[in-house]
Amino acid sequence: MAEVSSIKASVAEELMQRPQDLTILLECLLETAESKGVAGELAYEALEKAVSRGVRQSRACKAYGIARSTFYYRKTRGPTAREQRDRELAERITAIQQANQFTIGVDRMYLMLRDDGFDRKPGRNQVARVMREYGLNARMR
C-alpha cells in the first residue's frame, strides 16, 4: 500500500510542475468517456489523445497508470481475436436492440442470439459483458 501512495505522490508532484498537462489529461479522459462507453479501452484512447495534444508520453502513462511498454505494444498491434468477436457481437446486439427500441435485457438477448441463425453462439456471460462494455443495456421504465 505504501508503494501505491508513493507512486501517487510522485505523479502528483510531476503534474503540479505543469498544471496544463493535468487539464489536458482530464479533458481527454472525459471526451473519451463521452464518445466511448468501453471501460477497458478508455484509458488507452485518452492517453493517445493527451499525447497528441502535447503531454509528454511518460507523464501521461504515469497519470493513467499504464506502463510505457504496454502503450507501445497496444499502439502497434491490431485488434485481438476476442476484440474482433466482441465487436461483431456488439453489432448484432445493436441491430436487435434498435429493432426493439432498446427494450431487450441480457437474458432475452442471449436467447435471441442463440436462435438467430449465426454460426457462433455466444454465452450468456459474454452477452452481458459486451452489452455492459458497449452501453447496449435495455432502457429502464
Side-chain angles (χ1 to χ4, degrees), residues 1-16 18-141:
M1 192 64 145
E3 186 177 309
V4 172
S5 62
S6 67
I7 291 171
K8 287 181 182 178
S10 68
V11 170
E13 279 180 32
E14 203 169 318
L15 288 173
M16 290 314 232
R18 288 197 48 177
Q20 67 271 24
D21 284 356
L22 180 60
T23 305
I24 293 171
L25 289 169
L26 290 174
E27 286 174 358
C28 292
L29 189 62
L30 290 173
E31 286 174 9
T32 307
E34 288 174 6
S35 66
K36 296 260 185 195
V38 185
E41 297 295 315
L42 189 71
Y44 296 105
E45 290 187 27
L47 187 136
E48 287 178 7
K49 279 185 183 181
V51 169
S52 70
R53 292 185 185 179
V55 177
R56 277 194 1 233
Q57 180 247 321
S58 59
R59 180 173 287 149
C61 283
K62 276 185 185 178
Y64 289 128
I66 298 170
R68 287 189 336 200
S69 60
T70 304
F71 172 71
Y72 286 120
Y73 172 74
R74 289 182 63 91
K75 194 173 183 178
T76 58
R77 72 162 171 88
T80 63
R82 178 179 174 168
E83 290 170 343
Q84 289 174 340
R85 286 192 310 266
D86 286 353
R87 197 172 305 122
E88 291 169 6
L89 182 58
E91 290 171 5
R92 288 169 56 193
I93 291 171
T94 301
I96 293 170
Q97 286 287 42
Q98 287 175 345
N100 293 288
Q101 291 84 34
F102 286 85
T103 59
I104 308 294
V106 173
D107 292 325
R108 279 182 55 204
M109 182 62 68
Y110 162 69
L111 294 173
M112 292 178 84
L113 289 169
R114 191 178 64 184
D115 300 331
D116 72 352
F118 279 88
D119 291 337
R120 196 166 101 31
K121 306 294 183 210
R124 187 203 177 281
N125 290 339
Q126 182 184 15
V127 172
R129 179 179 51 78
V130 169
M131 287 178 71
R132 181 178 57 248
E133 288 179 354
Y134 283 84
L136 299 171
N137 294 324
R139 292 186 185 134
M140 301 301 268
R141 291 185 211 186

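Quantities reported herein were computed from a predicted structural model and do not represent experimental measurements. The basis for the numbers below is simple: all heavy atoms, side chains too, and nothing from hydrogens, waters or symmetry mates. Here, residue 1 is the first one in the sequence, and each next residue gets the next number.
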Using 0.5 Å steps for rounding, measure from the [atom1] atom of [X] to the [atom2] atom of [Y].
X	Y	atom1	atom2	value
N137	M109	CG	CE	9.5 Å
L89	Y134	CG	OH	9.0 Å
L113	R120	CG	CZ	9.5 Å

(request) Enumerate the residue pairs fulfilling salt bridge (Lys or Arg N to Asp or Glu O under 4.0 Å) with a member in residues 94-103, sequence neighbours excluded, ordered by first and then second residue. (result) none
(request) Count the heavy atoms of every other residue, nucleotide or ligand shown that sit under 6.0 Å from CZ of R114, and state whether that count exceeds 12. (result) yes
(request) Quick one: closest heavy-atom pair of C61 and R68, and the distance? (result) SG-CG, 3.8 Å
(request) Mind listing the closest non-hydrogen atom pair of P79 and R87 along with its distance? (result) CB-NH2, 3.9 Å
(request) Enumerate the residue pairs fulfilling side chain to side chain donor-acceptor pair (under 3.5 Å) with a member in residues 90-109, sequence neighbours excluded, ordered by first and then second residue. (result) R92-D116, D107-R124
(message) Measuring only between side-chain heavy atoms, which start at C-beta, is Q57 closer than 4.5 Å to Y72?
(response) yes
(request) Could you walk me through whether V106 and R132 pass the side-chain contact (heavy atoms from CB on, under 4.5 Å) test, one step at a time? (result) CA-CA 9 Å; V106 173; R132 181 178 57 248; over 6 Å; no
(message) Under the criterion side-chain contact (heavy atoms from CB on, under 4.5 Å), I'd like the reasoning laid out for I104 against I93: C-alpha separation, chi angles, the key distance, then a yes or no.
(response) CA-CA 9 Å; I104 308 294; I93 291 171; over 6 Å; no
